[in-house]
Amino acid sequence: MPALKPGARLRSVTCTTEVVVVRVGGEDLRCGGQPMAEAGSPGSPGADPAAGFDSGTELGKRYTDEESGLEVLCTKAGAGSLSLGDTLLVIKGAKPLPSSD
Amino acid sequence: MHVGMVFEMAADGLADRVGLGPADGGVTFGELGHRARRAATFLTERSGEHVVLVDENSPAVSLAFFGAAAAGKPFVPLNYRLADDRLRAIVTQVAPAVVIVGRGVGARLAGVKGLDLVERGEFLAATEDESVEERDGWGCDPEDVAVLLFTSGTTGDPKAAVLRHRNLASYLVSSLEFGGAGEDEAAIVSVPPYHIAAIASVLSTTYTGRRVVLLESFDPERWVRTVQEQAVTHAMVVPTMLGRILDVVEADGRGLGSLRAVSYGGGPMPQPTVERALRVLPGIDLVNAYGLTETSSTISLLGPEDHRGAFASDDPAVRARLGSVGRPLPGIELTIRDPEGRPLGAGQRGEIWVRGEQVSGEYSGRSMLDAEGWFATRDAGHLDAEGYLFVHGRLDDVIVRGGENLSPGEIESVLVEHPAVEVAAVVGIPDEAWGERVVASVVLSPGARVEEDELRAHVRDRLRSARTPERIKFADELPFNEAGKLLRRVLRDELAAEFATEGSTRG
């Protein structure tokens, strides 16, 4: 499991999901129930996402664990769900700001 | 997070949306992704450690920016209107470099060592050439330098603000929604490419998926015609642009039916111009954005609801918010401090300090952040009781008269409230008795007439007499640069010469 520093890129080993770390928090980031691997590392998705961790990720959404403060941005969508240990991450629902540029 | 990520995400998730040009027949984000990846290969293979662009707006700007990001080379857009010697001095600083040049620029750079000159057309052709390999946009490190922007100061050695990939990317991610723009939205971009607003615009339109319509450079008639013909919904303007746009809209009489939102920033906007915009463009969403180059653009904004609320309010404190820059963005901490760095309370004036991931506060390898990561903006300001930020201009522009600090911005906003005044600028010029004295230069509205004494009385009635300009010059125009920034130093020299023989008489 690679270090979760800001800007770190990770890929799922159960689906096509990729994320980048926006804010650090907990360490045990998983997708589809399995620990994530460093993006670009060799290997393709193996086992399917585990039951309960298979509702999918959406491109461009921010996922967060409120307790630890961990926040990741989904940069590639996939079939697995993101979790910190067994706790599912939730989509961060910030009210978008009006465009200033 | 870095800039390469932004175009890769748009190319992946918004592939079929038109990103540039007319809604029918423009270039999609998918195709822009291919072109940016080819630009990356092209720029990797050319010699030089920086990617410089000396040109007006064109599709080459965003492709060079994204291509440079994926190539791992800093992007350095420069002002093509700079005098030859200044342009050559800056280019020498960033050599060896590949330089994308517009018409006629190459000859002006002849003889500078270490430059690999490429005409805009040649660069664009390479990005459309399907035989050019596509380089992945995810190439570089978040700590790498994304952009160098040379400041517009008029004296001294040119100084570059350094923006890293993580600064720019965190601005986007913390304040905007990926793909959040409606499919029918289009932004007109007319700010010059070397301005932070242009960089922010490339990033935010790509990240939110908003179509861009480019103007090579700003011209009010073409701007209005383009908005009408291209069904433009969003625009960003600097203060000098808005008044000229409203003039054309009023004369034209056809309105700007498609336009939903106008954001303005880059300098103080006269409040009467804001009120006029709300009248001439009824129902328009106005957004006032405040930010600096060193903060990756916007750090505080006044949104449409705040504008309408203030415009409709009889409460002077609420009404005054039309002249504020709203509240800080979610990713930004902001405080007002005194000259010793101690925090000040609501209503107290001091220096604006900010902290956040998007704040670079860095110049050519030298960080100006303090040990806790705070950046002193050198802008004067205060927060009101509800946390609305008011900016009073650069601290360096503050006039010190007889030991008292006077804000030029405050006097200017009172001057432009007079119906005869179109634009006003206030500066301090040397004075033997008082250290500095207050003088002004104003441009009158077309056809308007007013006496100097009447304007002075207008200011004196609203502010104290110390803040009343001793002399007011009536000018045809003020020295603004093309990004809408008032060149105060130029004006100060001009007025110092004009009023040099007069001593201060009024107390």
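Computation of the quantities below employed the complete heavy-atom set of this structure, encompassing side-chain atoms and omitting hydrogens, waters and symmetry-equivalent molecules. Chain letters run A, B, ... following the sequence lines, proteins first and then strands; every chain starts at 1.
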(request) Specify which of B:Gly13, B:Ser297, B:Pro304, B:Ala200 makes the most heavy-atom pairs with chain A at under 4.5 Å. (result) B:Ala200
(request) Report the option among A:Ser99, A:Ala77, A:Pro6 that has the most heavy-atom pairs separated by less than 4.5 Å from atoms of chain B. (result) A:Ser99
(message) Are the side chains of B:Met9 and A:Lys76 in contact, using a 4.5 Å heavy-atom criterion?
(response) no
(message) Which one wins on heavy-atom pair count under 4.5 Å against chain B: A:Asp101, A:Val22, A:Leu59, A:Val20?
(response) A:Asp101
(request) Taking salt bridge (Lys or Arg N to Asp or Glu O under 4.0 Å) as the test, write out the residues that go with A:Arg11, two or more places apart. (result) none
(request) Pick one of side chain, backbone, both or neither for B:Met1, based on which atoms fall under 4.5 Å of a heavy atom in chain A. (result) both
(request) Any chance you could measure B:His2, atom NE2, to A:Arg9, atom CZ, to the nearest 0.5 Å? (result) 6.5 Å
(message) Strictly less than 4.5 Å between heavy atoms, which residues of residues 65-75 of chain A line up against chain B? Please order them by number.
(response) A:Leu73, A:Cys74, A:Thr75
Please list every donor-acceptor pair under 3.5 Å in which a side-chain atom of residues 286-293 of chain B meets a protein atom from a residue at least two apart or in another chain.
| residue | atom | partner | partner atom | Å |
| --- | --- | --- | --- | --- |
| B:Asn288 | ND2 | B:Ser324 | O | 3.0 |
| B:Tyr290 | OH | B:Asp379 | OD2 | 2.7 |

(message) Using every non-hydrogen atom in the two residues, find where A:Ser100 and B:Tyr171 come nearest and quote the distance to one decimal.
(response) OG-OH, 3.5 Å
(request) Hey, could you give me the CZ/CD distance between A:Arg62 and B:Glu177, rounded to the nearest 0.5 Å? (result) 7.5 Å
(message) Does any backbone or side-chain atom of B:Tyr207 lie under 4.5 Å from a heavy atom of chain A? Answer side chain, backbone, both or neither.
(response) side chain
(request) Tabulate, in ascending numerical order, the residues of residues 181-192 of chain B having at least one heavy atom closer than 4.5 Å to a heavy atom of chain A, or enter 'none'. (result) none
